[in-house]
> 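Before anything else, here's the structure in question.
Whatever order the structure lists them in is the order used to number ligands and atoms, beginning at 1.
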Amino acid sequence: MIKLALCKIQVFCTFAIHENLDVPMSNTSKTTKDITFDDFKKEVLSDYTIAVTSRECSLLGRREVLTGKAKFGIFGDGKEVPQLAMAKAFKNGDFRSGYYRDQTFMMAIGALNIQQFFAGLYGHTDIAEEPMSAGRQMGGHFATHSLNEDGSWKNLTQQKNSSADISPTAGQMPRLLGLAQASKIYREVKGIDTEKFSVDGNEIAWGTIGNASTSEGLFFETINAAGVLQVPMVMNVWDDEYGISVHAKHQTTKENISEVLKGFQREKGTNGYEIFKVKGWDYPNLVDVYQRAAAVARKEHCPVLIHVNELTQPQGHSTSGSHERYKSKERLAWEVEFDCMSKMRQWMIENNIFTDEEAKVIEKDIQKQVRKGKQAAWAAFVKPQKEEQTEAVAVLKAAAGNSSNKAFIEKLANELGSINEPIRKEILIATRKALRYLTTETSGTKTALINWIASYKAKIQPKYSANLYSESNLRADNINAELPKYADNAEMVDARLIMRDNFDAIFTKYPESLIFGEDAGHIGDVNQGLEGMQEKYGELRVSDTGIREATILGQGIGMAMRGLRPIAEIQYLDYILYALQIMSDDLATLQYRTNGKQKAPVIIRTRGHRLEGIWHSGSQMGGLIHLMRGIHLLVPRNMTKAAGFYNTLLEGDEPAVVVECLNGYRLKEKMPANLGDFKTPIGVIEIIKEGADITLVSYGSTLRIVEETAKELAQVGIDAEIIDIQSLLPFDINHDIVKSVQKTNRLLVIDEDVPGGASAYILQEIVEKQDAYRFLDSKPQTLAAKEHRPAYGTDGDYFSKPSAEDIFEKVYDMMHEANPNKFPSLF
Ligand SMILES: Cc1ncc(C[n+]2csc(CCOP(=O)(O)OP(=O)(O)O)c2C)c(N)n1
Ligand SMILES: [Mg+2]
């Protein structure tokens, strides 16, 4: 008996294949555990139970979609077994950054139960029922909660963590890099309060990605960056040979990702990876590989690639199609034979863990539990809507009361009442439509209906819209302004020195702050705003990165999700487009898609607006505004204002982009005395010059030209009021611009983005949201750049972007129209 036990444990612990691609295994240690056969058996049975539960959820989940109870399903069937192995190696404090196949893993770490799985499928909007996203994400998108109710951090070292998934394939990769890098920072940078975030930097960031998604640039960028940075990242490729219908031969060179990444294998005297390849149905080997992978990543902070191949998709890709359309008979037969679950079951029988009969008993019991969980989830999903339906029907019937349209309203009430399992859309359609029958009537019951609709909307809308921005006390617009203070003999200096000295104050004040980007380290950024900072604060806090904007941003997101305060530098605004997809899909949606349960208050520092040529004069603010709702967008006109924004943001808990003026670093500004403390308020405009005749609204570099032009306008008797927007997102939260328009009755928005870009947004904010149209005596106008990218050279700028003459003539023209006698035509 004892002999048998030892034999099984040996199987369990040593069957791994380390296909380390011609490199000795010196750095990986085999794991041996002192456990009895009974303990071993218990653990394997527990694993099998989780895997079968997960599989049953997939099978029933698909049925829920096909019968119409859920809208879409994408499941983890065929990927169960490696996820058991990953979960075994996953410790408290660790982070996952993965994709939609990982339900088994989430179940295995205790972050997802049966009822929650189905709540996700149905889209239950109560976070207590559907903890992944409160119904905002389709099922299969997973997350854990990093934040308490008030938005403060939980202790992440005492729980198993998963960053919230996104759907764009490989979009989970950039943040994975930052999640891993945080461990390095926590281990190696002294003086940071690590209590809630790290124990000696021992945490691993685990990435999961499908084989086909490794074709994305983001995957390769992340792989390379992690190899350079040497961070504890374990990258798992779930390889089922397909990406929907497209075979590996169209996806991956040599159809083999670990083969093509061979060159990343670390060797004596180099950095690099440990690379493992293991079959996805081979439970004992998987367990062993994962233990070894975790050991090397955790201890040595060496990144690891685990290529898990020979996986299957028993039900095809998703509920949207069937794989019989594109897989051969042979392949389909192979998938049945090599289904990881049946292979595991077979192995368990062969190793006397259970008999076929015992297995059937277990499986049957699980099937029952899954059905029960599913029913409970559906009942919980339907219950609130049923209650709301009852309320709505009662209010409708009362409103029908003595109405001359009684019959129509009652019909709406009866139709609504007859719906067995109503959704909220149906409730609002009926009640809102009823109002159309009551337009000419007044009654208490009509008022009650109106009030019910309003309060219902107020109650329900937040379920779909809350938490786009932080709703905690630390939200950015809650941080009070503090003016710069100046000594009597304050010097006028090159503005970049204000930036530099303010960063110096920041790094001292916030040990958890750090900055990184192209040329940000050794030379102190291309404009010397970080001069000397690396010598003072070290290479980990002030660092150079490779040229890889998306993963610079990802570093920022991941580190911010683990409590650090990263400042990710994108060298020029023009190149932010490389990071924009991740900003838009990941960062901007993070608080929203977790309903406030995760945050990443990363600061994105960049520089832009007019300088030279097509790619160093960009001001694509309209594009940014529309793609990054959920992130603040700040456009300071000078370095003091910019520095003040950094100081504000570091007190808050929200992500933001700060666009410094590329042409402002050598201009002179007065050096403030309260560096690190003065704060530019967010969402607040500033009146730069008061005036009576026209309100000129602008921001950033163009504002300086507006200021100059205002002097020329004064010479011809036009008294312009100039407003610096300062913050495009959020926009003028106090509605101060309309007060200016109320006084001047004229509005011109001057902007160096394309026509209809940021200027259209600004106009909508002022004219529509602030109701400024009521005070206008002239047509509100915009003056923008040309539609094309800005041409090179001084003349290129003059003919591409709004010039002083353009502004003068536009304003003069508006004044001429209003008073031709006083302002005779220029032309
Ligand atoms: C950027 C992007 N392009 C396309 C899609 C549509 N899509 C969803 S899953 C998928 C295939 C992914 O295959 P693979 O990475 O191998 O993962 P698997 O589903 O096979 O586990 C595609 C093309 C997407 N979600 N994101
Ligand atoms: Mg695949």
Side-chain angles (χ1 to χ4, degrees), residues 54-55 58 61-62 65 71-83 86 96-106 137-142 164-176 207-223 235-253 255-258 260-261 277 279-281 305-323 325-327 331-332 334-335 338-340 550 554 577-586 589 593 627:
S54 172
R55 174 62 63 92
S58 301
R62 184 173 172 88
V65 177
K71 292 206 85 172
F72 176 74
I74 189 153
F75 304 112
D77 49 306
K79 315 282 188 298
E80 290 91 346
V81 175
Q83 292 179 29
M86 178 168 135
R96 163 190 171 276
S97 185
Y99 80 115
Y100 49 79
R101 298 289 182 211
D102 293 345
Q103 68 195 50
T104 314
F105 170 79
M106 294 301 285
Q137 294 231 65
M138 49 175 61
H141 291 65
F142 305 110
D165 296 357
I166 59 176
S167 291
T169 53
Q172 72 274 30
M173 294 289 105
R175 109 174 74 94
L176 172 66
T208 69
I209 185 165
N211 59 296
S213 302
T214 64
S215 313
E216 293 278 10
L218 292 177
F219 171 79
F220 284 95
E221 192 175 312
T222 303
I223 285 281
M235 178 77 86
N236 304 276
V237 181
W238 304 149
D239 187 349
D240 57 15
E241 261 187 55
Y242 282 84
I244 311 186
S245 67
V246 182
H247 187 259
K249 67 176 179 244
H250 302 294
Q251 301 280 3
T252 309
T253 308
E255 299 178 30
N256 187 334
I257 194 67
S258 55
V260 294
L261 292 179
K277 187 173 177 193
K279 297 185 191 337
W281 46 264
L305 171 76
I306 307 181
H307 179 191
V308 182
N309 70 344
E310 299 201 8
L311 286 167
T312 66
Q313 295 178 343
Q315 302 190 103
H317 175 76
S318 73
T319 52
S320 299
S322 89
H323 58 158
R325 279 184 303 159
Y326 48 79
K327 286 180 187 164
R331 170 73 197 185
L332 288 166
W334 180 87
E335 289 205 10
F338 283 82
D339 182 326
C340 62
L577 297 191
Y578 277 72
L580 187 57
Q581 180 262 324
I582 284 302
M583 285 166 59
S584 183
D585 286 326
D586 193 0
T589 65
R593 73 181 192 267
L627 285 169

> Checking T208 against N236: is there a side-chain donor and acceptor pair closer than 3.5 Å?
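Side chains of N236 and T208: no pair found under 3.5 Å.
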
> Is it the side chain, the backbone, both or neither of E216 that has a heavy atom closer than 4.0 Å to ligand 1?
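Looking at E216 and ligand 1, just side chain atoms fall under 4.0 Å.
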
> What atoms of ligand 1 come within less than 4.0 Å of a heavy atom belonging to R101?
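Contacts of ligand 1 toward R101, numbered from 1: 18 (P), 19 (O), 21 (O).
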
> If we set the cut-off at 4.0 Å for heavy atoms, which region of N211 has an atom near ligand 1: side chain, backbone, both, or neither?
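It is both backbone and side chain that touch ligand 1.
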
> What atoms of ligand 1 come within less than 4.0 Å of a heavy atom belonging to I244?
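Answer, ordered by atom number: 7 (N), 10 (C), 11 (C), 22 (C), 23 (C).
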
> Select one of side chain, backbone, both or neither to describe which atoms of S213 lie under 4.0 Å from any atom of ligand 1, heavy atoms only.
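S213 to ligand 1: contacts from backbone and side chain alike.
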
> When you measure from atom 21 (O) of ligand 1 to each heavy atom in Y99, F219, F75, which option holds the nearest one?
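Residue with the shortest heavy-atom distance to the ligand atom: Y99.
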
> Checking side chain to side chain donor-acceptor pair (under 3.5 Å) for the pair T169/E216: CA distance, chi angles, key distance, verdict?
CA-CA 8 Å; T169 53; E216 293 278 10; 3.0 Å; yes

> Using a distance threshold of 4.0 Å (strictly less than), state whether atom 6 (C) of ligand 1 has a protein heavy-atom neighbour.
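Given the 4.0 Å limit, the answer for atom 6 (C) of ligand 1 is no, no protein heavy atom qualifies.
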
> Determine, using ring centers only, whether H247 and Y242 are less than 6.0 Å apart.
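Yes, close enough.
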
> Please determine, by modelled atom types, if E80 and S54 share a side-chain donor-acceptor pair under 3.5 angstrom.
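S54 and E80 do not have a side-chain donor-acceptor pair below 3.5 Å.
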
> Any atoms of ligand 1 less than 4.0 Å from a non-hydrogen atom of Q313? List them with their elements.
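Listed by number with element, the hits are 20 (O).
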
> Hey, is R593 close enough to D586 for a salt bridge, meaning N to O under 4.0 Å?
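Yes.
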
> Yes or no: does W238 have any heavy atom under 4.0 Å from an atom of ligand 1?
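Under 4.0 Å: no for W238.
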
> Applying side chain to side chain donor-acceptor pair (under 3.5 Å), run through N256 and S258 and close with a yes or a no.
CA-CA 6 Å; N256 187 334; S258 55; 3.1 Å; yes

> In terms of atom number and element, which parts of ligand 1 are under 4.0 angstrom from non-hydrogen atoms of A212?
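Once the distances to A212 are compared, the set is 13 (O), 14 (P), 15 (O), 16 (O).
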
> What residue and heavy atom of the protein are closest to atom 2 (C) of ligand 1, and at what distance?
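The closest one turns out to be T169 OG1, 3.3 Å.
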
> Quick one: do the T319 and R62 side chains pair a donor with an acceptor below 3.5 Å?
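R62 and T319 do not have a side-chain donor-acceptor pair below 3.5 Å.
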
> Is there an N/O/S atom in Q313 that lies less than 2.8 Å from the Mg ion (ligand 2)?
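It does not: Q313 brings no N, O or S atom closer than 2.8 Å to the Mg ion (ligand 2).
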
> For atom 25 (N) of ligand 1, what's the nearest protein heavy-atom neighbour? Residue, atom name and distance, please.
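Protein heavy atom at minimum distance: S167 O, 3.0 Å.
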
> Could you tell me whether R55 and D339 make a salt bridge, using a distance below 4.0 angstrom between a side-chain N and a carboxylate O?
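Yes, this pair counts.
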
> Within the 3.5 Å criterion, strictly below it, is a donor on N211 or S213 matched to an acceptor on the partner's side chain?
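There is no such pair between these side chains.
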
> Take Q315 and S58 through the test side chain to side chain donor-acceptor pair (under 3.5 Å) and record every step on the way to the result.
CA-CA 9 Å; Q315 302 190 103; S58 301; 4.9 Å; no

> Where the Mg ion (ligand 2) is the corner point, what angle links OD1 of N211 with O of Y242, to 10°?
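Taking the Mg ion (ligand 2) as the apex, the two atoms subtend 100°.
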
> Tell me, which protein residue and heavy-atom name are nearest atom 13 (O) of ligand 1, and how many Å apart are they?
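Result for atom 13 (O) of ligand 1: G243 CA, 3.2 Å.
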
> Is the distance from the Mg ion (ligand 2) to the nearest N/O/S atom of S213 under 2.8 Å?
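No, S213 does not qualify, because none of its backbone or side-chain N, O or S atoms lies under 2.8 Å.
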
> Regarding R331 and D240, does a basic nitrogen lie under 4.0 Å from an acidic carboxylate oxygen?
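No, no charged N to carboxylate O under 4.0 Å.
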
> Which ligand 1 atoms, with their elements, are less than 4.0 angstrom from a heavy-atom of G210?
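Taking each heavy atom of G210 in turn, ligand 1 has 14 (P), 15 (O), 16 (O), 17 (O) under 4.0 Å.
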
> Checking side-chain polar atoms at under 3.5 Å, does K327 have a donor or acceptor matched by the opposite partner on Q313?
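The criterion, which ignores hydrogens and geometry beyond distance, is satisfied for Q313 and K327.
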
> Near the Mg ion (ligand 2), is there an N/O/S atom from D240 that is less than 2.8 Å away?
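For D240, the answer is yes, given that an N, O or S atom comes within less than 2.8 Å of the Mg ion (ligand 2).
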
> Using a 4.0 Å heavy-atom cut-off, which part of Y100 comes near ligand 1: side chain, backbone, both, or neither?
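Y100 to ligand 1: side-chain contact only, backbone stays beyond 4.0 Å.
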
> Within ligand 1, which atoms have a heavy atom of D240 less than 4.0 Å away?
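Counting from 1, the qualifying ligand atoms are 18 (P), 20 (O), 21 (O).
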
